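Chain naming here is simple, since letters A, B, ... match the order of the sequence lines and numbering starts at 1 in each. Just so it is clear, the structure is predicted and the values come from calculations on it, not from any experiment. Only heavy atoms go into these numbers, but all of them, side chains included; no hydrogens, no water, no symmetry mates.
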Number of protein chains: 2
Amino acid sequence: MAKIEDVAKHAGVAPSTVSYVLSGKRSITQETRQRVLASIRALGYQPHAGARALASNRSNVVALVVPLRTGIHVPVIMQFATSVVIAAREHDHDVLLLTQNEGEAGLRRVAGTSMVDAIIVMDVELHDPRVPVLKDLDRPAVLIGFPADPDGLTCIDLDFTAAGAACVDHLAELGHRRVALIGSPPEVYERETGFASRTTAGFTEAAARHGIAASVHACEATQAGAQKVATELLAEHPDLTAVVVHNEPVVAPLLAAFREAGRSVPDDLSVVAICPDELAEYTMPALTSVAIPAEEVGRQAVGLLMAKLNGRKAPGATLLSPHLTVRASTAPPQ
Amino acid sequence: MAKIEDVAKHAGVAPSTVSYVLSGKRSITQETRQRVLASIRALGYQPHAGARALASNRSNVVALVVPLRTGIHVPVIMQFATSVVIAAREHDHDVLLLTQNEGEAGLRRVAGTSMVDAIIVMDVELHDPRVPVLKDLDRPAVLIGFPADPDGLTCIDLDFTAAGAACVDHLAELGHRRVALIGSPPEVYERETGFASRTTAGFTEAAARHGIAASVHACEATQAGAQKVATELLAEHPDLTAVVVHNEPVVAPLLAAFREAGRSVPDDLSVVAICPDELAEYTMPALTSVAIPAEEVGRQAVGLLMAKLNGRKAPGATLLSPHLTVRASTAPPQ
DNA sequence: GTCGATCGTCGAAGCGATTCGACGATCTGG
DNA sequence: CCAGATCGTCGAATCGCTTCGACGATCGAC
């Protein structure tokens with residue numbers, strides 16, 4: 001493996017000059033720069049990451065903590081993760097993957113050993129034990145999701161409050177007078193994961209604003225859970241003409257359950273989902289939905305992190321506006 | 001941040017002694033070991049990863065390359081990934097996440113900069129361009145999946161040939177005389193991803209062995225694709241009494257399609273799936289299935305890697321035996 | 001009782017980069 | 001035409017750890 005000294009000799013310059021060519025931190029004549037670059041190519045030189053990290057006090061690696069738990073839609077997590085990796089690479093950084101189960105100790109470890117320069121945490125809860133740790137670590141961090149007290153932190157997420165409201169607005173506009181929200185499994189609410197409660201809040205508030213009847217229902221992420229909720233819902237509220245679903249895995253089972261109950265979508269029942277576009281387009285009928293912009297969130301999270309790493313100020317809270325796409329699953333009530 | 005020298009002073013020993021306490025590479029008296037460990041705790045010492053990597057020529061990081069492409073079931077990938085992370089941590093290693101899209105250059109980069117000690121590659125194709133790169137990199141590697149020529153490589157995967165055969169064996173035993181395999185989307189076959197063709201081979205061979213009629217059908221991973229295949233299949237082969245499904249996303253849509261076509265499972269049609277247990281248990285009726293042991297594969301992949309890193313010899317090929325669980329979706333033909 | 005091993009610890013030499021101050025050479029402005 | 005900036009490059013120090021050889025002390029064997 002070629003070292004910087006080899007390159008320097010090959011190009012007839014000092015090692016420091018090679019370093020400056022690479023980092024651009026001092027000006028170098030066009031001519032020597034070319035000569036150095038040629039030597040780098042000729043020798044296939046690649047700087048040693050550890051040496052670099054030691055000398056510069058920068059590892060060019062960011063940690064990404066992914067959730068392992070139940071009740072969260074896995075493909076969305078994967079979308080986040082890959083978009084974070086891709087965005088990080090565009091900023092010349094790599095991504096170290098951590099799982100929830102190492103918990104706070106994991107954060108302490110990767111920061112304490114200078115393994116990573118910064119941290120991205122997904123699936124933040126309202127009272128997340130990692131938040132205080134993050135605050136007292138000196139490393140920049142970005143949270144995907146909002147804790148109860150986001151002071152001094154940089155957080156980003158879809159504006160679920162607005163998303164919940166947007167669904168109701170759309171349905172109200174169509175003329176619906178009673179709507180129901182079918183949400184996450186109970187454990188998600190018990191954990192006080194922010195996104196679930198925020199959707200509920202936006203949904204409820206908008207319904208009140210429009211003066212229409214509304215109810216909220218947790219739903220297990222299984223086919224049986226979907227069936228149960230669908231049945232109960234239709235029995236309890238015969239006048240129900242529209243539902244909002246915010247729970248990816250049960251979207252399809254719910255549609256099936258409604259169909260079996262003799263309610264056709266959208267003629268007898270309008271359905272709006274909060275889910276990734278792929279899922280909404282994949283079902284039959286295609287669903288009117290508010291997209292979960294996983295890729296956008298991942299990309300922006302990295303952007304915020306880089307801003308902080310480079311000493312720029314980053315906004316404390318970033319809420320992405322929801323975008324509702326009308327597809328085939330909503331219509332005026334009959 | 002405390003350094004090893006601080007710990008050494010605090011404990012009244014030489015820095016090297018601290019290092020040996022941590023690494024266990026030389027014997028240390030019980031007493032000084034305790035003293036050193038106490039100082040480490042007192043100062044909250046955490047070794048600098050970069051310095052360590054530089055001096056020891058070991059980063060204690062493994063790279064994991066995850067696929068980004070279509071036609072592969074995302075939750076399974078995520079299961080692999082998390083089990084790799086967890087297993088790696090048990091061996092005191094971390095995981096650097098790479099995506100397919102950096103391709104071979106990414107492998108060269110992380111190996112060349114000594115960022116990682118070893119590499120795990122998922123979703124290997126029969127003629128994977130990364131294989132030659134892996135061979136010429138000096139770093140140990142483990143492939144999840146098998147290329148056409150696995151010589152000199154360490155590969156691990158579920159034995160899909162045996163899995164395909166196991167499904168047929170089970171159906172033949174029940175008395176079925178015509179079976180169909182509903183497989184991956186066409187693009188997966190075109191890529192020559194090993195697992196798809198191996199399942200097909202095992203399926204076909206077993207059917208021949210039992211002397212029963214068999215056909216194989218690619219299937220787009222959409223609801224429409226499922227519907228189409230189901231309809232065509234039933235029209236083409238009126239005597240069909242059993243199907244094997246090896247394509248997670250369409251499992252539920254297929255079941256729905258069969259039901260709509262008036263075929264009830266398992267009375268009119270037996271269904272065996274090759275999919276994660278969670279999915280098989282989640283549907284109604286619960287599916288007889290061969291599990292995709294993602295977690296086991298991830299864990300063993302890490303084990304193999306560690307063996308190689310520690311100079312032990314690792315087997316070239318590891319094929320995990322399939323395990324078929326009988327649930328409610330298979331029965332003798334009527 | 002002595003000699004060679006073994007044990008526990010130390011000191012110093014790297015590992016391979018970055019970065020700071022220094023230093024000629026070239027510009028610039030008055 | 002000269003003082004002071006600026007530019008391009010160099011050399012040396014430094015980052016924090018591991019590891020090798022050395023060395024006194026303890027041990028076991030004869």
What integer distance in Å separates B/D6:CG from D/dC15:C1'?
-> 14 Å
Under 4.0 Å between a side-chain N/O of B/T32 and OP1 or OP2 of C/dT9, yes or no?
-> yes
Would you kindly give the CD1-to-C1' distance between A/I28 and C/dT26, to the nearest whole Å?
-> 16 Å
Value in whole Å for how far the P atom of D/dT14 lies from CZ of A/R58 = 23 Å
Verify whether one side chain among B/R130 and B/Q100 offers a donor that lies under 3.5 Å from an acceptor in the other.
-> yes
Let me know the distance between CD of A/Q30 and C1' of D/dG8, rounded to the nearest Å.
-> 13 Å
Grab the NZ-P distance between A/K9 and D/dT9 for me, whole Å please.
-> 20 Å
Listed partners of A/F160 passing ring-ring contact (aromatic ring centres under 6.0 Å, His included), at least two apart = A/F195, A/H246
Grab the CZ-C1' distance between B/R33 and C/dC7 for me, whole Å please.
-> 13 Å
Residues that A/S59 engages under side chain to side chain donor-acceptor pair (under 3.5 Å), provided they are two or more places apart = A/D117
Lys/Arg N to Asp/Glu carboxylate O, B/D92 vs B/R58, below 4.0 Å | no
Base-contact (B) and sugar-phosphate-only (S) positions in nucleotides 13-19 of chain C, heavy-atom cut-off under 4.0 Å, - elsewhere = -BBBBSB
Apply side chain to side chain contact (heavy atoms under 4.5 Å, CB included) to the pair B/L96 and A/L97, showing each step before the final yes or no.
-> CA-CA 6 Å; B/L96 197 78; A/L97 188 60; over 6 Å; no
Should A/K9 and A/E5 count as an ion pair when the cut-off is N to O under 4.0 Å?
-> yes
Can you find a side chain N or O atom of A/T29 that sits less than 4.0 Å from OP1 or OP2 on D/dT9?
-> yes
